[in-house]
K.L.:
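Have a look at the structure that comes next, please.
Keep in mind that what you see is a predicted model, and the values were worked out from it rather than measured. Chain A is the first sequence line, chain B the second, and so forth, proteins listed ahead of strands; every chain is numbered from 1.
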Amino acid sequence: MESARVRHQQYVRGQFRLTDVVETYLARIETQKYLNAFIQVYADEARERARELDERRAKGESLGALAGLVIAVKDNIVIKDHLTTCASHILDHFVAPYHATVVEKILQADGVIIGKTNLDEFAMGSSTENSYFGAVRNPVDPERVPGGSSGGSAVAVAAGMADLALGSDTGGSIRQPAAFCGVVGLKPTYGRVSRYGLVAYASSLDQIGPFGHTVEDVALLTRVIAGPDPRDSTTVPVEVPDYLKALNQSPLDLTIGIPREYYQEGLDPNIREAIQSVVDRLRKAGFTIRELHLPLTDYAIAAYYIVATAEASSNLARYDGVRYGYRAPQAEDLQEMYFRTRSEGFGTEVKRRIMLGTYVLSAGYYEAYYKKAQQVRRMIKDEFDAAFREVDVLITPTTPTPAFRLGEKLDDPLQMYLSDIYTVTVNLAGICALNLPIGETPEGLPIGMQLMGGMFRESDLFRLGHFIEKQLVGPVH
Amino acid sequence: MAITIEQVEHIARLAKLEFTEEEKQRISRELSRILEYVEKLNELDTSRVEPLSHTTEMTNVMRPDTVTGSLPLAAVLNNAPSRQGNFFKVPKVVK
């Protein structure tokens, strides 16, 4: 696969017509329907926009940073006058009355949006099996999950149905599917990218981020979507660096940390060896590498599932059948309408999380669970802050195992939650992290390595990731 | 921490959800197991730690108090499952 950045440059130079590319991608979407990556495909609109861009290019007009590129968007991000489903029955027929900020920015940069991708309902899951529209399959091995919750977006890029894609990451929902499908994915720093128009799951953890084939691609799309937004007061007013320029800078000044707690029991030996091999080569290349400890890692899943479900139970209270989406028919009175709409509209995992979140916030349990989890969250953040005073980038596995089989963890919620063990810490601390494909298991399943950086230090991740990709690993595809 | 069927029913009422008897059994089992796992947080002494609710910890984000456009009424009401004129229509509130 060619990188999006290269394709953009080729397009601007007139080396291909976008109308042809859109047809190629639409054909691939059609022949790979069994992967179930898309909920909606905007074939006519994509063709129309491609034609307009080809005409503008022919007239010699200036073109945006994403001209020539085809982009898929996770279906929990709104596009004006289009359905947004969140892969839930409860949002039946909901047509968004406005654009998400990230969508506006992509359109302004001349990107072509080809469709909306499948996800775990309301982004709750780690396998993209919890979708009202059915499970998504991994293109590397269709009997395995693509990871989740942004499984459709990871698959769209991995299987050549889009150059780039947007996902959202609350506890690993971009990085884990990127690792399972062998693509690059970034969870930006909390506050880096506007959440306006992202349907909320856990507001203090959610962040929109990009998928691509290479680090350059992800840097390109991050540059387009990042920045403060008056419509999201949690975006932070800091400057967005020119990430593509940063890639030309040697990363040798960066000190690398290896947190021992991420390499203990439960880590697949193939993943351990692949990472060890990259770290050895980094050392040979002259990098300073330090081992360090993050002893609170073991408490992250517990803190995460309390904070995330508490926020979810509050955010999902808005789905009541009154203003939009599904309404249970023939209810006798308002109360019955609420109960039946929500019980019929939400899927099993969403109800499980609403129940857990409601419990930890309920009278008598708030202090013991919710407040305790928030205190542990601060301790975890302090631990990361201390680590980033010693080193610039942490290297860890993205996942404890490669992609698991469809259905394997569906009946055991706790096992499913534990598959996020290396990713949730990043959301609790608010820092940024990148998944980088670094190889495959003997069975041919992708292996992902995670690079974590301090607040607003995406440039460090891109510089080091680009170096590893170009100098040490080579193209994985 | 075992969650009883009565507790499941109480939480369900708060969350405006209803479940079959079989589902209640399953939820009671699953929640008990998850809560047993999160008990491990009690191994940590947090008595001197301030809770953290937002990682950027910004407060009072201000913007100029200027009037900007809002969504047209039709765009909003178009999504209503039931409406009457410019109102959302719901089943009767009082039995």
K.L.:
Run the numbers on Thr101(A) and Asp232(A) for side chain to side chain donor-acceptor pair (under 3.5 Å), then give the verdict.
P.N.:
CA-CA 9 Å; Thr101(A) 297; Asp232(A) 174 2; over 6 Å; no

K.L.:
Are the aromatic rings of Tyr417(A) and Tyr37(B) close, with centres under 6.0 Å apart?
P.N.:
no

K.L.:
Side chain, backbone, both or neither: which part of Ser313(A) has a non-hydrogen atom closer than 4.5 Å to chain B?
P.N.:
neither

K.L.:
When heavy-atom pairs shorter than 4.5 Å are enumerated against chain B, which of Glu311(A), Met337(A), Glu336(A) gives the highest number?
P.N.:
Met337(A)

K.L.:
Most heavy-atom pairs under 4.5 angstrom with chain B, which of Met379(A), Lys371(A), Met455(A)?
P.N.:
Met379(A)

K.L.:
So what's closer than 4.5 Å to chain A heavy atoms on Ile11(B): side chain, backbone, both or neither?
P.N.:
both

K.L.:
What option among Arg340(A), Lys80(A), His93(A) has the most heavy-atom pairs under 4.5 Å with chain B?
P.N.:
Arg340(A)

K.L.:
Ion pair present between Asp45(B) and Arg48(B), side-chain N to carboxylate O less than 4.0 angstrom?
P.N.:
no

K.L.:
So what's closer than 4.5 Å to chain B heavy atoms on Tyr305(A): side chain, backbone, both or neither?
P.N.:
neither

K.L.:
Taking every heavy-atom pair that is under 4.5 Å apart, which of Leu428(A), Val360(A), Val322(A) has the most such pairs with chain B?
P.N.:
Val322(A)

K.L.:
What part of Ala373(A) gets closer than 4.5 Å to chain B, counting heavy atoms only: side chain, backbone, both or neither?
P.N.:
both

K.L.:
Measure distances from Met355(A) to the heavy atoms of chain B and classify the residue's part below 4.5 Å as side chain, backbone, both or neither.
P.N.:
both

K.L.:
Using the benzene-type ring in the case of Trp, are the ring centres of Tyr324(A) and Phe88(B) under 6.0 Å apart?
P.N.:
no

K.L.:
Under a 4.0 Å threshold between the charged nitrogen and the carboxylate oxygen, would Lys40(B) count as salt-bridged to Glu43(B)?
P.N.:
no

K.L.:
Check each atom of Thr348(A) against the heavy atoms of chain B and say whether the ones under 4.5 Å are side chain, backbone, both or neither.
P.N.:
side chain

K.L.:
Could Arg13(B) and Glu9(B) be called an ion pair, given the rule that one side-chain N must be under 4.0 Å from one carboxylate O?
P.N.:
no

K.L.:
Counting heavy-atom pairs under 4.5 Å to chain B, which of Leu205(A), Ile431(A), Val307(A), Val236(A) comes out on top?
P.N.:
Val236(A)

K.L.:
Does the separation of the ring centres of Tyr369(A) and Tyr359(A) fall below 6.0 angstrom?
P.N.:
yes

K.L.:
So which part of Leu361(A) gets closer than 4.5 Å to some heavy atom of chain B, the side chain, the backbone, both or neither?
P.N.:
neither

K.L.:
For the interface with chain A, which of Val90(B), Val93(B), Val94(B) has the highest count of heavy-atom pairs at distances below 4.5 Å?
P.N.:
Val90(B)

K.L.:
Is it the side chain or the backbone of Leu71(B) that comes within 4.5 Å of chain A heavy atoms, both, or neither?
P.N.:
side chain

K.L.:
If we define contacts as heavy-atom pairs under 4.5 Å, which of Met62(B), Arg83(B), Arg26(B) has the most with chain A?
P.N.:
Arg26(B)

K.L.:
So that I can tick it off, tell me whether Arg377(A) and Glu50(B) are bridged by a salt bridge, with the cut-off set at under 4.0 angstrom between side-chain N and carboxylate O.
P.N.:
no

K.L.:
Please determine, among Thr341(A), Leu356(A), Ile380(A), Ile354(A), the option with the most heavy-atom pairs under 4.5 Å with chain B.
P.N.:
Leu356(A)

K.L.:
Salt bridge check: are Asp412(A) and Arg33(B) linked by an N-O gap of less than 4.0 Å?
P.N.:
yes

K.L.:
Inspect the contact between Arg353(A) and Glu349(A) and indicate whether a charged nitrogen and a carboxylate oxygen are less than 4.0 angstrom apart.
P.N.:
yes

K.L.:
Given heavy-atom pairs under 4.5 angstrom as the criterion, report whether the side chain, backbone, both or neither of Thr235(A) touches chain B.
P.N.:
backbone

K.L.:
Can you tell which of Asn42(B), Val76(B), Asn78(B) has the highest number of heavy-atom pairs within less than 4.5 Å of chain A?
P.N.:
Asn42(B)

K.L.:
Does any heavy atom of chain B fall under 4.5 Å from the side chain of Glu332(A), the backbone, both, or neither of them?
P.N.:
backbone

K.L.:
Which atoms of Ser82(B) are under 4.5 Å from chain A, going by heavy atoms: the side chain, the backbone, both sets, or neither?
P.N.:
both

K.L.:
Does Glu261(A) form a side chain to side chain donor-acceptor pair (under 3.5 Å) with Thr297(A)? I'd like the steps, not just the answer.
P.N.:
CA-CA 7 Å; Glu261(A) 287 76 10; Thr297(A) 304; 5.0 Å; no

K.L.:
Between Ser28(B) and Ile3(B), is there a donor-acceptor pair closer than 3.5 Å when you use the side chain of the first and the backbone of the second?
P.N.:
yes

K.L.:
Evaluate Arg352(A) against Glu30(B) for salt bridge (charged side-chain N to carboxylate O under 4.0 Å, His left out), listing each step before the verdict.
P.N.:
CA-CA 9 Å; Arg352(A) 185 182 288 130; Glu30(B) 286 168 353; 2.8 Å; yes

K.L.:
Quick one: what part of Val49(B) sits under 4.5 Å from any heavy atom of chain A, side chain, backbone, both or neither?
P.N.:
both

